[in-house]
Every structure is written in structure tokens, then in C-alpha cells.
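Beneath this line is the structure, given in C-alpha cells, with notes to follow.
Excluded from the calculations below are hydrogen atoms, water molecules and symmetry mates; all remaining heavy atoms, backbone and side chain alike, are included. Residue numbers begin at 1 in each chain, while the letters A, B, ... track the order of the sequences.
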Amino acid sequence: MSVDPNAPTQGGFPVPPRAGGPPRAHPARYLVPALVAAAVAVGLGAYGKVHDPEGTAFNLAGFSSTGAVKAWLATTALGFAVLQVVSALMVYGKLPGPSWSAGVHRWSGRAAFLVAVPVAVHCLYALGYQTATPRVLWHSVLGCFFFGAFSAKMLLLRSERLPGWLLPVVGGLVFAVLTVVWLTSALWFFRTFGVTT
Amino acid sequence: MKRSGPLFTLLAGLVLALFMLSVNATSGTGSSSYTDSSSDPAEPTAPPAASTPAERPSPTRAATPSPSPTPTKKAPADARYAGRTDDDSASVAITLRDGEAVAYFCDGRATESWLKGDVEDDGSMRLTGKNGAKLDGRIVGDKVRGTVEIRKRTWAFTAPRTSKPSGVYRATSEVRGQQLDGGWIVQPDGSQVGILKRDGKPAKAPRLDPDTGAVVLADGGRLTARPVVP
């Protein structure tokens, strides 16, 4: 993917520079994020599998059930994630966007992540890693994978001199995985129990 | 220049996760919204110890006999089991399919729990349900022996193998804005217990026709219950 030369300077958004420095990045630039991502994903899965599911956790006021809280938090995260895709396209110049689209991208990403964390904590603490049905299996696998991929994305942002296609691909992967995780949980919840709070 | 923003983002998430874990770990079970519809204030069933049969095993894992694995290494066959707790206060039914099990514990009044999990090759199972409910069991011959623990209370049970129409049924539906969720256990002798929750409030369920799954509600409404499989 070609990079809009206007984009990288906006708010320090980490579009990989194209010139300067050694032409090939040191392998550690990829290896460290990849290893951290694998460790995060496997670690979460192992915790969910080994830890005895408590079945209980706190609830938020105003919601009828923990499931409803999680479904809405997850939906919020997905909303921010959609904003992520749009703002990323703006940053890369694929869509017309304001100069502050990089800021939108960064802060909507943080919001999506921080909203998703409580959901994941509840999943892993109260329910654990389960394989009983295809829906649950895929949700468990991809839920762990999501946080690994997100960690990789964050760490890759710190590296410079990456191939231009890498961040969009990893970012797109994070978004796609989050979408499947949402489809296998929140959408299922809304279809099963109705769109309730 | 190394950007530290992404690191702060990850750290913030980590801190938030640890904070929520500590809240969870310290808040206990009282604040849960995952109800198993066990009505705490008026525990209706007699304590399990009240009518302890002589052979009642201790309510720990010792309830499962010492390992006597089946000679062949394959997952236990698909089957239905239905029986009662040793104190005769509640029914337990388990359905096995493809190495997985779903179980229903129901006293027909206020306490019920749905439990799920894997069945090991040796026929032992450790199922979990909402609110920390647990079922430990093992297939011994044509029976499942084990214990169910719900809200810190433990019942031992024996569930012999059974066949249709005996087994466990469930119906969920929304009728006039009310969320209905019913579970039934039909015993081999045709007797049955069930709990129908209306918007989460448990009560004795109306009779289920095991042949058709039809349930006629007191207000004339109808539900259709289906056999539960993992």
C-alpha cells in the first residue's frame, strides 16, 4: 500500500517512513511484537482454561444482567472500531478527512480497547475458556487472539522503518477479529435475549 | 523517536484489567447478576444431611469412585441420564453428546441450574454453571454418580441411563413482553419436575407433555419445550 506523504506528519501518527535508515528493518522489530502477541494470547487462553470459572462478577447499575452490560460494552467497542477503520483510511489519505483524523484514530482506539478490557476480564474470570459449541469455541479462541493482535499492533506502532503494508494489515486483522468476537457474543446475546439493557 | 503512547495504552488496559480482577475477587458472590434463581432468603429444600442414606458418599470428589476407566480409549457414548439427589429433594438429568455434557438440576420450586462441560474418556465429568455451580460426576456402568454444588450447598445424586421421552427439556420464549425460561426433567417413570422463570423469577412449572414438548401455561399461553443436547 502506498502511503500518503501528507499523512505521517499529522499528530505524529506512526505511518512508517519510507526513506532514511537501513532499507531492511531488524528482525526484532517484528519478532518482539509477534512474540508478545503470542504470549498475551496464549496466556489469556491458559488463564481461562486453568482458572476455575467463578460464574460471578460485579454488575453495573442500570443493567438487567452482566450479559447485557457486556453486550453493550462490546457494541460500544465495535462502534469505536468502525471509527478506527474510517479514521485510518483518512490518515492514509484514502478518504478525505480533517487534519485531526490521526487524533481521532488514536483516541477512538484507546476508547475501544479500554471498553473491551472489562468485557474480557469478565469473560475470563467468570466464564473461562470454553469449547462446548462452535460459537463458544470461536469466541474463546478469537477473544484471546484479539488481545494478542492488539498488543502486537501497539508495539508495532513504536517501530519505525516497517513495510508500509504491515500496520494496515495488522490493524485490519485486529478489526476483523473484534468483529467476529462481537458476532459470536453480543449479536448472539441480542438475538437470544432481545436488545435489552 | 520511540513513541510511548501505544505503551501507555497497553499499560492502561493492563491496569484496568487488574483493577477489575481485584474488584471481582473481593466483591464475592453477592453482587452477581448471574442468577441461578436459588432463592436465598427462603431456602426451601431440606439440608442434604437431613435424610442421608447410608451409602451417601461424602460431598467431595470422593463421590466419584476410584479410577476404573473403560478398557477402550474412546469418548463415552451419547446417552441420556435422569435421576434424583440422594435426599430425594431434587432431580438431576444429564445429556451426553460427542464427549460433551449438559446437565440440569431442578427441585421443582426455586433452585435450578444449567451446567455444561466436557466428558473425559474415563467417563468423568466436571460441569460448571452460572454463579459458580458445579457438577462432578462419573459414569459407572449405566449410571452417573456424582455431586452437584450450588451456592455452597452440595447434593449427591444418582442418575440411571434412560431414553426418550425421559430426559431434560427446555423452553425459552417471550410472551407479552415477559421473558419465559423453563426447564423440565422427565424421569423414566414418567414423573417430572420443572421450573418456569418469568423475567427471572422462578416458580413451579406447568406440566410438560413429554411426547410433544407442549406446555400450557396457567394464563392459556403455550410454550414448546425441546430436548436439551450439548
Item to check | Evaluation steps, side-chain contact (heavy atoms from CB on, under 4.5 Å), between B:T9 and A:F150 | outcome: CA-CA 10 Å; B:T9 304; A:F150 182 83; 4.3 Å; yes

Checklist entry - Does CZ in A:F145 sit with more than 12 non-hydrogen atoms of other residues, nucleotides or ligands closer than 6.0 Å? => result no

Checklist entry - Minimum heavy-atom separation for B:M20 to A:P118, with atom names? => result SD-CB, 3.2 Å

Item to check | Closest-packed option against chain A by number of heavy-atom pairs under 4.5 Å, given B:T172, B:L21, B:L18 | outcome: B:L21

Checklist entry - Can you tell me how far CG of B:L16 sits from CG of A:L114, rounded to the nearest 0.5 angstrom? => result 6.0 Å

Next on the checklist: Can you tell me which residue among B:L10, B:L7, B:L11 is in a side-chain contact (heavy atoms from CB on, under 4.5 Å) with A:M154?
Outcome noted: B:L10

Checklist entry - What are the two closest heavy atoms between B:G13 and A:V117, and how far apart are they? => result O-CG1, 3.6 Å

